[in-house]
Amino acid sequence: MTSLMAKSVIDKTSEKLELFGSIKELARQKNAVILTHIYQRLEVQRVADFVGDSLMLSKKAAETNADIIIFCGVHFMAETAKLLNPSKKVLLPDIQSGCPMADMINVDDLRAFKQAHPGAPVVCYINSSAAVKAESDICCTSTNAVDITRSLDSKEVIFVPDKGLGEWVQYQVPEKKIHIYDGFCPTHWQITSAEVDRQRINHPDAVIIAHPECDPEVWRRADFVGSTSEIYKFIENSHGRRFIILSEQGLVARIQADFPEKEIMTVFPLPLCPNMKYHSLENLYDALDKEYTEITVPDSIAKSARAMIDRMMEVSNRKETWSGPTTQNS
Ligand code: 13P
Ligand code: SF4
């Protein structure tokens, strides 16, 4: 006889499967594409047409023939998709899904920072508003920040808003002086150097891998530092068996699911971005059905902000882009 608990699990699973099918069917009817960041819940990743990091998803947004782009990520990612597709409808299932780091700089802050370092071009991390992008010289993601900065014909560069990534770029590009803004990712900065030291003692044979958004004291202790896609590819291609990931839990969960033969560990407290977890199968279905929340960008900034992304694409298209998790379309 099936226990009550087992029955409720089966009911829940079949409800989810039904919802999954309904989302796929509705997306087909409306010619919508579902783009999902790899920090999202696994079920939201599974229903996506494309899962990836912000660079890969920006490229997918630029290529799509869909009429509607539904973005399961944070606000600046949906805004970037809108900049690349001004005539298409771009939806963010839960409008609360913002990025606190992106909110740490506004146009006035950037103007003041530029005044303090006159003449230095501004590299703006994609984790920023369209208004801030519009006041910059070129955009970057964590995957291409080093290449983008190197590509600039200037001895001094301003980097906004992430100081973890900015310090990583400075370390990789010592020939330039980088003026780094004081923003940070609250999720990655939860990881402390004391916790990394503790993990190193407890698991001396594990490879420690950090996202460059971490505190420099943390990424300096890692064996490998890389963006989301670089972390994924590093583990995929490594012969090692034990890894400790210093990054967000959505990425950790996806790597655990895709490489069950490897031991993928994390740190405590769990680095979890609450803003990335607002989207669910339920609100994804509703958002697609009722077509909310539509993301718009004022005309006064759209053209300049778009130009920054185009410049980034020009530089980063010289290199092959990650095509997303290995299990992307299975
Ligand atoms: P990626 O550029 O690696 O997708 O990261 C975006 C982000 O918000 C990381 O915290
Ligand atoms: Fe922003 Fe950090 Fe969340 Fe990424 S993980 S969306 S940088 S708060």
Side-chain angles (χ1 to χ4, degrees), residues 35-41 44-45 48 50-61 71-81 92 94-105 123-129 132-133 139-148 159-166 168-169 181-191 209-215 218-219 224-235 245-255 266-267 269-279 309 312-313 316 321-325:
L35 302 183
T36 295
H37 193 270
I38 199 163
Y39 289 1
Q40 294 290 309
R41 300 166 195 277
V44 179
Q45 293 191 34
F50 298 102
V51 177
D53 64 350
S54 47
L55 180 61
M56 183 260 193
L57 294 175
S58 302
K59 291 196 174 177
K60 289 292 172 202
F71 214 118
C72 301
V74 287
H75 186 271
F76 74 80
M77 296 179 180
E79 207 178 42
T80 302
L92 188 66
D94 191 323
I95 194 64
Q96 298 175 88
S97 191
C99 167
M101 182 215 282
D103 294 340
M104 288 178 192
I105 186 164
V123 178
C124 172
Y125 191 25
I126 199 157
N127 296 39
S128 55
S129 67
V132 165
K133 288 184 178 80
C139 229
C140 75
T141 68
S142 51
T143 302
N144 60 27
V146 169
D147 287 340
I148 296 281
F159 192 93
V160 299
D162 183 21
K163 63 181 172 187
L165 182 60
W168 172 245
V169 172
Y181 188 80
D182 193 24
F184 66 97
C185 165
T187 300
H188 284 90
W189 278 63
Q190 268 178 32
I191 305 169
I209 305 176
H211 193 285
E213 279 180 16
C214 292
D215 179 341
V218 165
W219 59 245
F224 175 78
V225 180
S227 67
T228 300
S229 54
E230 289 163 340
I231 292 174
Y232 189 98
K233 285 190 287 189
F234 180 88
I235 293 177
I245 300 182
L246 312 179
S247 190
E248 208 278 334
Q249 292 309 292
L251 173 64
V252 173
R254 182 65 190 239
I255 292 178
T266 187
V267 282
L270 294 177
L272 193 138
C273 176
N275 299 281
M276 282 278 186
K277 311 299 180 209
Y278 281 118
H279 311 309
I309 297 166
M312 169 184 85
M313 296 287 199
S316 77
T321 310
W322 187 46
S323 50

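Atoms within a ligand are numbered from 1 in the order they appear, just like the ligands themselves. These numbers come from the heavy atoms of this one structure, side chains and all, not from hydrogens, waters or symmetry mates.
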Plane angle bin for Phe234 and Phe224 - parallel if under 30°, tilted between 30 and 60°, otherwise perpendicular: parallel
Proximity flag Glu248 to ligand 1, non-hydrogen atoms under 4.0 Å: no
Asn127: numbered ligand 2 atoms lying under 4.0 Å from its heavy atoms: 7 (S)
Part of His188 within contact of ligand 1 (heavy atoms, under 4.0 Å): side chain
Any His211 heavy atom less than 4.0 Å from ligand 1: yes
Ser54 N/O to ligand 1 N/O under 3.5 Å: yes
Where ligand 2 meets Glu213 - atom numbers and elements under 4.0 angstrom, heavy-atom basis: 2 (Fe), 7 (S)
Geometric N/O contact Asp53 with ligand 1, under 3.5 angstrom: no
Polar contact flag for Glu213 and ligand 1 (N/O pairs, less than 3.5 Å): yes
Structural part of Ile126 in contact with ligand 1, heavy atom criterion under 4.0 angstrom: neither
Contact with ligand 1 for Ser142, non-hydrogen, under 4.0 angstrom: yes
Tally, protein N/O/S atoms nearer to atom 3 (Fe) of ligand 2 than 2.8 Å: 1
Any His37 heavy atom less than 4.0 Å from ligand 1: yes
Interfacing atoms of ligand 1 (cut-off 4.0 Å, heavy-atom, Asn127): 7 (C), 8 (O)
Non-hydrogen atoms of Pro269 and Gln190 that approach each other most closely: O-OE1, 4.0 Å
